[in-house]
Amino acid sequence: MSAEQAYCVPCHEVAKLQEKVLGFYREHGRVFPWRQTTDRYTVMVSEIMLQQTQAERVVPRFEAWIKCFPDPVSLAEAPLRSVLKLWSGLGYNSRAERLQRSARLVVSEFCGVVPGDPALLRTLPGIGPYTSRSIPVFADNLDIATVDTNIRRIFVHELGINASAPDRVLYAVAEQVLPRGRSREWHNALMDYGALHLTARKTGIASRSRQSTFLHSPRWYRGRILRYLLDNGQGMTLEDVEERYGQGPHDLGKIIEGMERDGIIERYGDGERRIRIRGDNDH
DNA sequence: ATCCGGCCGT
DNA sequence: ACGGCCGGAT
């Protein structure tokens, strides 16, 4: 007897929400290239990109990516430099590196086929609780629920769920409102309802984490250093880094260290005094 | 000038 | 449980 009865959504609330969200989707649902496929790798690429960027801005980069890396093998075999180049502008570059690492694991551990089991997907780098479920939802119409902040905001606004409710409560609610057999349509509908209708701005429901200003932040310097290295294949010395970006208040050593730890860059040559995109000049 | 967001290391 | 990671939109 371990059933959680505490967060049971009444039947009529479930029906009302489903009608509202699916009705909105029938009238205002968006068409995206990743909604036209059931290929799990293609869906995985879109889900990783959508983690951090609004859908409209993902579209052209998604199409370029799929053209260049149509399957796990082509991504696995590519130099990191070309992967980061194709990713640049999307932000959070370490995710491109993780996506490639995932593709390599798919090739080496899963015979080149992206697994459809959330538990297996969860073992891949860059794939967490949300994405491990969203991939089989959108690719295979799997009857499980997944919750991102859009969906969380809908539950808070439409069902009166407490804004500080922990994830397990949100997932318990999501399980109960999922219309069986229509998981893909339902989650697409929730996304569009949250992104177009129940926006964060409109509802005043804040997402859980905030961040500091971007300009001249450590993230901004990371972006600048990576941009320079992508434009200059010969790499740079630590003195170059200091000269170009040392006027800021940040410890550039720590920033370089972070980029190294994320597998974006590596040190080489001249007593490890130079940095370059990891894998540059490998043949 | 502020907002948005899932994953990961600590 | 918390803070770091990106760049474009508004």
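Reminder, nothing fancy here: chain letters follow the sequence lines and each chain counts from 1.
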Checklist entry - Are the side chain of Gln100(A) and the backbone of Leu75(A) linked by a donor-acceptor contact shorter than 3.5 Å? => result yes

So [X], base contact, sugar-phosphate only, or nothing? Heavy-atom distance under 4.0 Å.
X         : answer
Phe214(A) : base
Ile48(A)  : nothing
Asp148(A) : sugar-phosphate
Ser217(A) : nothing

Separation of [X] atom [atom1] from [N] atom [atom2], in whole Å?
X         : N      : atom1 : atom2 : answer
Tyr130(A) : dG5(B) : OH    : C1'   : 11 Å
Lys202(A) : dC3(B) : NZ    : P     : 18 Å
Ile225(A) : dG7(C) : CD1   : C1'   : 16 Å
Asn150(A) : dC3(B) : CG    : C1'   : 13 Å
Glu47(A)  : dC7(B) : CD    : P     : 10 Å
Gln51(A)  : dC8(B) : CD    : C1'   : 11 Å
Leu90(A)  : dC6(C) : CG    : P     : 12 Å
Leu215(A) : dC3(B) : CG    : C1'   : 16 Å

Item to check | Earlier contact from the 5' end, DNA chain B, for Arg98(A) and Arg153(A) | outcome: Arg153(A)

Item to check | First encountered from the 5' end of DNA chain B, between Pro125(A) and Leu50(A) | outcome: Leu50(A)

Checklist outcome for this item: For residues 8-29 of chain A, the side-chain hydrogen bond (donor to acceptor under 3.5 Å, both in side chains) pairs (sequence neighbours left out) are Lys20(A)-Glu158(A)

Next on the checklist: Please verify the inter-ring angle class for Trp220(A) with His216(A); under 30° counts as parallel, over 60° as perpendicular, anything in between as tilted.
Outcome noted: perpendicular

Next on the checklist: Would Phe62(A) and Trp34(A) count as a ring pair (Phe, Tyr, Trp, His ring centres under 6.0 Å) here? Give the steps.
Outcome noted: CA-CA 8 Å; Phe62(A) 168 81; Trp34(A) 50 85; 5.3 Å; yes

Minimum-distance nucleotide (side-chain atoms of [X] versus [options]):
X         : options                : answer
Asn93(A)  : dG8(C), dG9(B), dC6(C) : dC6(C)
Gln54(A)  : dC6(C), dG9(B), dA9(C) : dA9(C)
Arg219(A) : dC6(C), dA9(C), dC7(B) : dC6(C)

Checklist entry - Do Gln51(A) and Tyr130(A) have side-chain N/O donor and acceptor atoms under 3.5 Å apart? => result no

Next on the checklist: On the nucleotide dC7(B), are OP1 or OP2 found under 4.0 Å from the side-chain N or O atoms that Thr131(A) carries?
Outcome noted: yes

Next on the checklist: Can you tell me if Ser94(A) touches the phosphate of dC5(C), counting only side-chain N or O atoms and a distance under 4.0 Å to OP1 or OP2?
Outcome noted: no

Next on the checklist: Whether the side chain of Tyr92(A) and the base of dG7(C) hold a donor-acceptor pair under 3.5 Å is what I'd like checked.
Outcome noted: no

